[in-house]
Amino acid sequence: MKIYLSLITAALALSACGQEAAKPADNAAPAAEQAAPAASEAAPEAASPAAEAPAASAEAAPAAANVSEECKVVINSDDAMKFDTKEITLKSSCSTALLTLKHTGKMPKAAMGHNIVVTKAADKDGVLADGAAAGVDADYLKAGDERVVAATKMIGGGEEASVEIPVAKLEKGTEYAFFCSFPGHSAMMTGTLKVAD
Ligand code: ZN
């Protein structure tokens with residue numbers, strides 16, 4: 001029973017950490033394998049919980065793991081205040097898409113922070129205005145803004161962030177926009193997002 005509970009605790013801890021937990025968990029498996037030959041028969045048993053950890057993590061965090069490749073979108077951004085695309089098209093067959101923003105620049109978040117915010121095109125200006133008022137500590141987004149369909153956290157150079165987009169909840173025929181909510185950036189860092197068959 002104690003072992004069972006500790007596994008659940010481990011799974012909860014992994015899910016709480018989300019994707020950032022995935023890499024350490026993956027790394028734990030080879031380490032456990034290395035430990036096995038060194039010790040006696042007790043080692044394989046001791047190692048097994050660690051080896052199973054990645055699987056438990058995948059179940060607990062359906063986020064990235066269950067999104068198929070065709071439902072993943074990667075957008076690059078840089079120190080020149082640009083996204084590398086002006087249009088995102090999501091397949092309607094994807095109930096959920098995983099949007100990943102990478103910042104290939106070197107400047108820190110405070111000076112050249114980027115995020116990706118998705119809203120209806122008609123809501124963009126209002127979300128930006130309220131986001132600017134919310135300030136840097138709020139990643140320039142109003143807390144609980146219901147107009148926001150999805151938003152990554154704000155990142156600086158060398159970082160990346162992902163967010164799930166509930167494609168099934170998007171309205172076909174409605175124009176959506178994506179943009180960076182860092183003050184002033186949306187003039188250049190913006191584009192359209194649509195769902196297509
Ligand atoms: Zn930005």
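We count ligands from 1, going down the list as the structure has it; atoms in each ligand are counted the same way. Note that the numbering runs from 1 along the sequence shown for the chain. Since we're looking at a predicted model, the values are computed, not measured.
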Asks: Can you name the residues that form a side chain to side chain donor-acceptor pair (under 3.5 Å) with D84, not counting sequence neighbours?
Replies: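 Applying side chain to side chain donor-acceptor pair (under 3.5 Å) to D84 gives N76.
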
Asks: Among residues at least two apart in sequence or on other chains, which ones pass side chain to side chain contact (heavy atoms under 4.5 Å, CB included) with A168?
Replies: S95

Asks: Counting only protein N/O/S, how many atoms fall short of 2.8 Å from the Zn ion (ligand 1)?
Replies: 4

Asks: Count the heavy atoms of every other residue, nucleotide or ligand shown that sit under 6.0 Å from CD of E146, and state whether that count exceeds 12.
Replies: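 Not more than 12 within 6.0 Å, no.
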
Asks: Under the side chain to side chain donor-acceptor pair (under 3.5 Å) test, which residues partner T119, sequence neighbours left out?
Replies: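 None.
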
Asks: Does either side chain, that of D197 or that of S92, offer a donor lying less than 3.5 Å from an acceptor on the other one?
Replies: yes

Asks: I'd like to know whether NZ of K91 has more than 12 heavy-atom contacts from other residues, nucleotides or ligands below 6.0 angstrom.
Replies: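 No, not enclosed.
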
